[in-house]
Every structure is written in structure tokens, then in C-alpha cells.
Q: 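Before I ask anything, here is the structure I am working with.
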Amino acid sequence: MQQELVEQARRGDHDAFAALAGAAIFRLDAAARLILRDPDQAKDAVQETLVRAWRDLPTLRSPDRFDAWLHRLLYRACIDEARRLRRHRFDVELTPIDAPAIDDTTSSMVDRDQLERGFSRLEPEARALIVLHHYLDLPLPEVAIALGIPLGTAKSRLHRALQAMRAALDADARLRSELPEGRLA
Amino acid sequence: MTLNDGFDRTVSVWLDEQAGRGAPGYLDEILTRTTRTRQRPAWSSLERWLPVQTTLRLAPVPRIAWLLVVLAVIVALGVAVLAVGSRRNLPAPFGLARNGALVYGAADGDIYALDPVTGKSTAIIAGPTIDASPTYSRDGSRLAFLRGRATADNSGQTLMVANADGSDVRALTEPLVNFGWFKWSPDGSRLALVDHETVRILDVDGTTAPTVLNIPAERMWWRPDGREVVFQDPRGLYAIRVDGTGLRTIVANANITGAGAPALSPDGTEIAYTTAFSGGVVIHIVNVDTRQDRTPLFDGTTGVDGWANWSPDGTRLVFQRLIANCAAPCSTQFVVGLATGGSVVETGPTMPPGSDNDIFYEFSPDGSKIIARFGPDSSTWILEASGGPGERLSAADGPPTNTGNDFASWQRLAR
């Protein structure tokens with residue numbers, strides 16, 4: 001069904017393209033927001049992706065590779081967007097005095113914050129790798145194609161990116177364990 | 001090669017939570033854009049250049065005809081010698097020139113010439129038609145402009161030419177399809193039209209058939225000798241002779257940011273273009289013939305210097321710089337510096353975030369000023385190339401000078 005829509009869209013059928021875009025836009029938008037950490041930039045990247053997809057669709061040699069090709073366009077658009085304007089973030093580092101109280105009911109919230117911090121510290125290219133593989137569930141060979149790199153390179157970069165996230169979590173965990181008991185936010 | 005399956009799973013679950021649910025609300029906006037966007041033809045890939053088509057035909061000339069031609073040239077030279085004293089002194093096609101009028105298409109569909117000194121605007125092409133995008137020839141003696149209302153895919157307008165005073169208006173083309181932009185040749189005898197699939201070179205006086213180059217250019221520039229053009233397509237910068245031969249790569253880089261067009265230096269030897277890298281934006285200057293590429297470093301750079309345009313003598317650049325130490329989104333500033341890098345001066349107001357949509361700027365013919373359009377109201381400013389706050393352009397007499405999608409063209413006069 002999708003392949004038929006791609007064929008029609010390649011021949012200039014805009015309604016067919018609209019159907020393809022409608023089916024893809026949620027995951028494209030979600031992936032872009034995860035990579036760029038900014039909804040406005042994500043919107044720009046997704047717009048750029050889909051406009052390019054429409055414009056260049058006739059040049060796609062294999063319609064069955066539409067999804068992989070679309071992910072590649074998204075990756076390029078996200079990286080271009082990330083580089084287009086440097087954002088100055090003011091990350092607030094939790095000091096021991098500011099750390100929330102440690103108890104069982106708050107631990108899951110702390111983990112999410114730590115994941116957020118670890119993830120946000122990664123470069124956009126590394127975030128894109130993690131998002132393509134762990135959110136869009138693309139097999140690593142397809143991730144490699146989307147990024148235009150060899151499979152081995154994709155594997156090692158993904159490993160390093162996850163290591164970096166894990167290191168950030170471990171560092172925060174050590175910080176918590178050093179808190180004197182009874183210190184509250 | 002995994003850290004541990006547990007952590008991978010944690011990351012996946014967390015990403016899924018972060019992604020949220022619900023489709024974004026801007027699909028219609030995208031589809032509106034795509035309906036206005038033409039698809040590229042299936043063959044449009046640099047790996048699959050089609051043979052260049054030219055409709056210019058050279059027929060063999062009999063000897064007697066050559067003798068007549070020689071005789072005619074001798075007579076013409078004699079007439080020229082007699083007439084030279086009465087000819088208007090015209091500026092050379094490149095380099096410094098004297099500032100003339102500013103011509104622009106106003107919101108009422110007429111074309112006006114504005115004296116930037118007095119602020120007086122005069123309608124030079126008026127009437128019931130919609131006329132826009134006027135551009136002076138390099139010698140300042142003629143105008144090219146678009147007549148008619150464009151459809152969503154930039155079709156339907158006709159390319160027109162006229163004398164600089166608005167007289168002798170005539171059509172040069174049929175209604176255009178998916179039109180991109182046009183450019184006067186250095187000697188003012190031809191116009192090149194770009195429509196993303198071809199570059200069409202038209203003789204302004206209609207004495208020779210047009211030449212069509214099958215190249216998917218987005219923008220193009222004439223080299224000073226008029227025999228070669230430089231063009232940009234999504235994959236980089238290239239050059240080709242106007243007879244369709246000699247296609248060559250100057251910069252193979254798909255990361256040339258399109259926020260501002262690359263700019264060919266006045267002497268045609270270098271192109272200033274902008275690329276993005278991790279954490280910033282940088283200006284490159286590449287030699288068109290040797291392909292040697294350099295990145296001049298400007299004092300006080302914030303890591304985002306880009307989208308440069310040349311002074312008419314080719315020694316300076318005006319470009320945009322992101323304000324340092326700002327919280328996103330950041331403001332930008334016009335900056336002028338030597339093309340070799342080093343010290344810079346700021347000119348004009350600081351542009352708040354969002355001002356750089358529809359932005360356009362270039363030096364005046366004498367190099368002392370910069371005309372710029374920016375801001376949410378697309379206002380036009382005259383800035384001093386030596387620095388300072390600049391001045392918003394207003395007409396002392398005539399229509400407002402907010403030219404919307406148009407941009408004023410500055411007439412070059414002999415010094």
C-alpha cells in the first residue's frame with residue numbers, strides 16, 4: 001500500500017504524498033523533538049524534511065526504500081537545524097544542598113531527570129543515533145544508511161553515546177550517595 | 001556491543017515517554033508549501049547529467065558575406081568615432097560606480113525610482129498591470145522586471161525590459177513557469193533566467209535565439225567576461241560556459257546554508273559562501289578557478305558569522321553576526337570587514353530574533369553604504385559601511401518604501 005502511494009507521489013500525485021506525510025509526521029516530529037530538544041527547531045526540521053521529500057521524490061530510485069530515505073532526510077535536516085543557530089543553554093547543576101530528598105517514591109523522577117540531563121549533554125549527532133535506534137526502532141544497518149556511515153561506525157558511535165549517558169547517570173548517583181542523611185531541598 | 005540490555009530498555013522507555021502522543025498540528029502548513037513546490041525531474045542528479053541542449057545554431061557563411069561584414073565594420077567604426085562625443089558616459093560593469101536612483105516595486109503594483117538623497121519617489125512604470133522586482137542593468141541604462149501576478153508555484157509572470165526612465169517597455173518572454181530568478185549579463189545585452197531545471201539565456205534585443213542550459217540551478221551569476229556562469233544547486237557550486245561546455249565543480253558541498261545566497265566577487269574570481277558546522281557557522285571564500293578555499297577569521301567572532309556580500313571593489317564583505325552570550329533565540333548584527341579577515345565594524349541596528357526572514361542586503365555602487373531589508377515589517381534601511389546606527393528609509397514624497405517581497409535595485413552611474 002505504501003509502495004503504491006510512493007509510486008503515485010513520484011509521478012506528481014500530491015494527494016498520495018499527503019497520505020504518506022500524514023502517516024509519517026507524528027514519528028518524524030517526535031524524533032526531531034527528541035534530537036533537537038526544541039519544538040520550534042523540530043518543526044522547522046520536519047517541514048524541511050517533508051518539503052525536500054516531495055521535491056526530490058522522483059529521484060528516489062527504489063520506492064521500497066522510502067522510509068529509510070525519509071529518515072536520512074530527517075537526520076540531515078535535524079543536524080542542519082542544530083548547526084544553523086547556536087543555542088546557549090544555561091544548565092542548572094544540582095548542588096548537594098539543592099538535591100531533592102531521597103526516598104523510594106521520588107527515585108523514578110530522579111532517574112528521568114538524570115536521563116534527561118545525560119541525553120541533553122550529547123551532541124545532536126549522538127542523540128540522533130540513539131533516537132533512530134531506540135525510539136524509531138530502526139535496525140542498526142538502517143541507522144547506518146540514514147546517517148551515511150558504515151555499520152561498524154554506527155555500532156561504535158551508538159555504544160559511546162549510551163556510555164556517555166550512563167556515565168552521567170553514574171555521576172549523579174555518586175553525588176546522591178554522598179549527601180548527608182537528613183539534608184532536604 | 002551493548003552496555004546492558006537493562007539500560008538500553010530504560011532508554012527506549014524513557015524516549016517513548018518523552019515523545020508523547022498526538023500528531024503535530026502543522027501538517028496542513030507543510031502541504032500548503034509542497035503544493036507550491038515543483039518536483040525535481042527524475043534525471044536531475046549530477047551523476048546523470050544530460051547532454052546540454054543549445055538552440056544556438058551557427059550556419060556556414062559565404063566568403064562574399066564576410067567581405068560585406070568587414071566593410072560594414074569599417075563603416076560602423078567611422079560612425080562610432082563621430083558619435084563618441086555624444087554618447088552617455090556609462091560605468092564599467094564591475095567595480096566602484098556612482099550611486100544613482102533606487103528602483104523598487106511598490107505594493108500598488110507600480111515601479112518607482114527613489115532618490116535616496118531627497119527621499120523623493122517617482123513612478124516610472126505605472127498602470128493597471130502588476131509590476132515588480134525591477135533590476136537595473138550593470139550600466140544603469142535599462143531595467144528588467146516582472147509583469148503579472150505569480151501563482152503559487154511562481155508561474156504566470158512575464159519578464160519585461162525597459163529603459164531606466166521607464167520608457168520603451170516590452171516583453172521579453174512568454175508567461176514563465178516555476179520561475180526562480182533572473183540576472184543581467186555584465187554588458188547588459190543578455191538576461192539569464194533560472195527556473196530550477198534550466199538556465200535560459202536571452203538576448204535582450206531579440207536578435208539571436210535563446211540558449212538553454214539543462215542544469216537544475218537555484219541561483220546563478222555571470223563572470224565578468226560573460227562567457228561563463230557560476231551556479232548553485234543543492235549539491236554545491238559549479239561553473240559552466242554559456243555554450244554549454246566546460247562544466248566543472250567549484251565546491252561540492254551540500255551543507256552550504258541557503259539562508260543567504262553565495263556571492264560572486266565583482267571581479268568574478270572568488271565566491272563567498274557559508275557553511276554550518278557543529279556549534280557554528282563560517283564564511284568561506286573559494287577561488288572560482290583554483291578552488292582554493294579559505295575561511296577568513298574576523299575579530300570578535302561569536303562563531304556564527306555568515307551570509308556575506310561583497311563591496312563593489314571586492315575588498316570588503318558585509319555579513320551577519322550572531323550576538324554573543326545570548327539566551328536563545330539570539331539577535332543578529334550586520335558587520336563589515338575586509339575580505340581577508342581581521343577587524344570589523346558594526347553597522348545598523350541589532351536585529352531581534354526573527355528579523356532574518358526575508359532579509360537582503362548589498363553595498364551601494366560607490367561602496368560607502370549598504371542597503372538592507374529586514375525585520376518583521378520588511379523595512380528598508382540605508383546603513384553606513386563605516387559603521388553606525390543606520391537610517392530607516394522613508395520617502396519624503398510618494399508611497400511607502402516597505403516593498404514587501406521586492407527589494408530595491410541601486411542604479412550604477414559613471415563616476
Side-chain angles (χ1 to χ4, degrees), chain A residues 9-10 12 14 17-18 21-22 25-31 33-34 38-40 42-43 46-47 50-61 76 79-80 82-90 111-112 115-116 119 123-125 130-131 134-135 137 155-156 158-159 162-163 165-166 169, chain B residues 1-4 7-24 26-31 33-45 48 196 234 254-255 257 259 275-281 302-304 306 322 324-330 332 353 356:
Chain A
R10 266 154 55 100
H14 192 264
F17 178 78
I25 193 167
F26 168 71
R27 73 175 188 276
L28 294 178
D29 177 74
R33 278 188 288 109
L34 290 169
D38 182 306
D40 291 331
K43 178 184 171 186
V46 172
Q47 286 194 335
L50 288 173
V51 171
R52 276 196 176 236
W54 165 250
R55 191 193 71 183
D56 296 346
L57 195 50
T59 68
L60 176 64
R61 297 188 191 203
R76 292 276 7 133
I79 299 307
D80 284 349
R83 290 170 179 172
R84 186 179 67 84
L85 200 65
R86 181 163 64 181
R87 301 297 194 213
H88 294 264
R89 291 181 179 273
F90 295 93
D111 286 343
R112 286 199 191 92
L115 280 168
E116 164 73 34
F119 188 68
E123 290 292 321
E125 289 88 345
I130 293 175
V131 168
H134 287 288
Y135 172 69
D137 293 326
K155 284 182 181 175
S156 63
L158 180 62
H159 180 73
L162 290 171
Q163 260 190 330
M165 274 187 78
R166 187 59 188 256
L169 281 167
Chain B
M1 198 171 17
T2 58
L3 285 171
N4 64 67
F7 184 70
D8 285 7
R9 201 158 40 243
T10 300
V11 169
S12 292
V13 168
W14 176 76
L15 286 171
D16 205 53
E17 288 173 5
Q18 291 286 299
R21 297 287 176 262
Y26 54 84
L27 176 61
D28 285 345
E29 192 180 326
I30 293 174
L31 294 176
R33 258 184 79 182
T34 51
T35 56
R36 291 199 302 259
T37 303
R38 187 163 182 163
Q39 288 187 308
R40 294 175 70 180
W43 52 260
S44 63
S45 162
R48 306 186 260 181
H196 303 287
N255 285 328
T257 78
T275 62
F277 66 99
S278 178
V281 165
T302 58
V304 183
L322 193 72
N325 301 320
C326 64
C330 299
T332 51
D356 55 353

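A quick note: this is a predicted structure, and the numbers were derived from the prediction, not measured. Residue numbers begin at 1 in each chain, while the letters A, B, ... track the order of the sequences.
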Q: Are any side-chain N or O atoms of T37(B) and backbone N or O atoms of R55(A), one a donor and one an acceptor, separated by less than 3.5 Å?
A: no

Q: Identify which of D16(B), V13(B), L27(B), L15(B) forms the greatest number of heavy-atom pairs closer than 4.5 Å to chain A.
A: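 Option with the top pair count is L15(B).
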
Q: Compare all side-chain heavy atoms of W54(A) with those of R33(B) and state whether any distance is below 4.5 angstrom.
A: no

Q: Name the region of I25(A), side chain, backbone, both or neither, that has any atom closer than 4.5 Å to a heavy atom of chain B.
A: both

Q: Of all the heavy-atom pairs spanning G12(A) and Q39(B), show the shortest one and how long it is.
A: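 Closest heavy-atom pair between G12(A) and Q39(B): CA-OE1, 3.2 Å.
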
Q: Counting distance only, does the side-chain N/O of Q18(B) pair as donor-acceptor with the main-chain N or O of A30(A) below 3.5 Å?
A: no

Q: Given heavy-atom pairs under 4.5 angstrom as the criterion, report whether the side chain, backbone, both or neither of R10(A) touches chain B.
A: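 The backbone, not the side chain.
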
Q: Supply the atom-to-atom distance L115(A) CG to T10(B) OG1, rounded to the nearest 0.5 angstrom.
A: 7.0 Å

Q: If the condition is side chain to side chain contact (heavy atoms under 4.5 Å, CB included), which residues does A18(A) pass it with, not counting sequence neighbours?
A: L31(B)

Q: Going from CH2 on W14(B) to CD on E116(A), what distance comes out if it is rounded to the nearest 0.5 angstrom?
A: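 Rounded to the nearest 0.5 Å, the CH2-CD separation comes to 5.0 Å.
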
Q: Pick from V131(A), V46(A), D137(A): which one has the most heavy-atom pairs with chain B under 4.5 Å?
A: V46(A)

Q: Please classify the contact between I130(A) and chain B as side chain, backbone, both or neither, with a heavy-atom cut-off of under 4.5 Å.
A: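 Both backbone and side chain.
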
Q: Before you tell me yes or no, could you show the steps for V11(B) and F119(A) under side-chain contact (heavy atoms from CB on, under 4.5 Å), namely the whole-Å CA-CA distance, both residues' side-chain angles and the distance that decides it to 0.1 Å?
A: CA-CA 9 Å; V11(B) 169; F119(A) 188 68; 6.0 Å; no

Q: So does A19(B) get a backbone contact from the side chain of R33(A), meaning a donor-acceptor N/O pair under 3.5 Å?
A: yes

Q: Verify the distance criterion only: is there a donor paired with an acceptor across the side chains of T35(B) and H14(A) at less than 3.5 Å?
A: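 No.
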
Q: Q47(A): which residues meet the side chain to side chain donor-acceptor pair (under 3.5 Å) condition with it, sequence neighbours left out?
A: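 Per chain and number, Q47(A) pairs via side chain to side chain donor-acceptor pair (under 3.5 Å) with E29(B).
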
Q: Report the distance from atom CG of D8(B) to atom CG of L158(A), rounding to the nearest 0.5 Å.
A: 7.5 Å

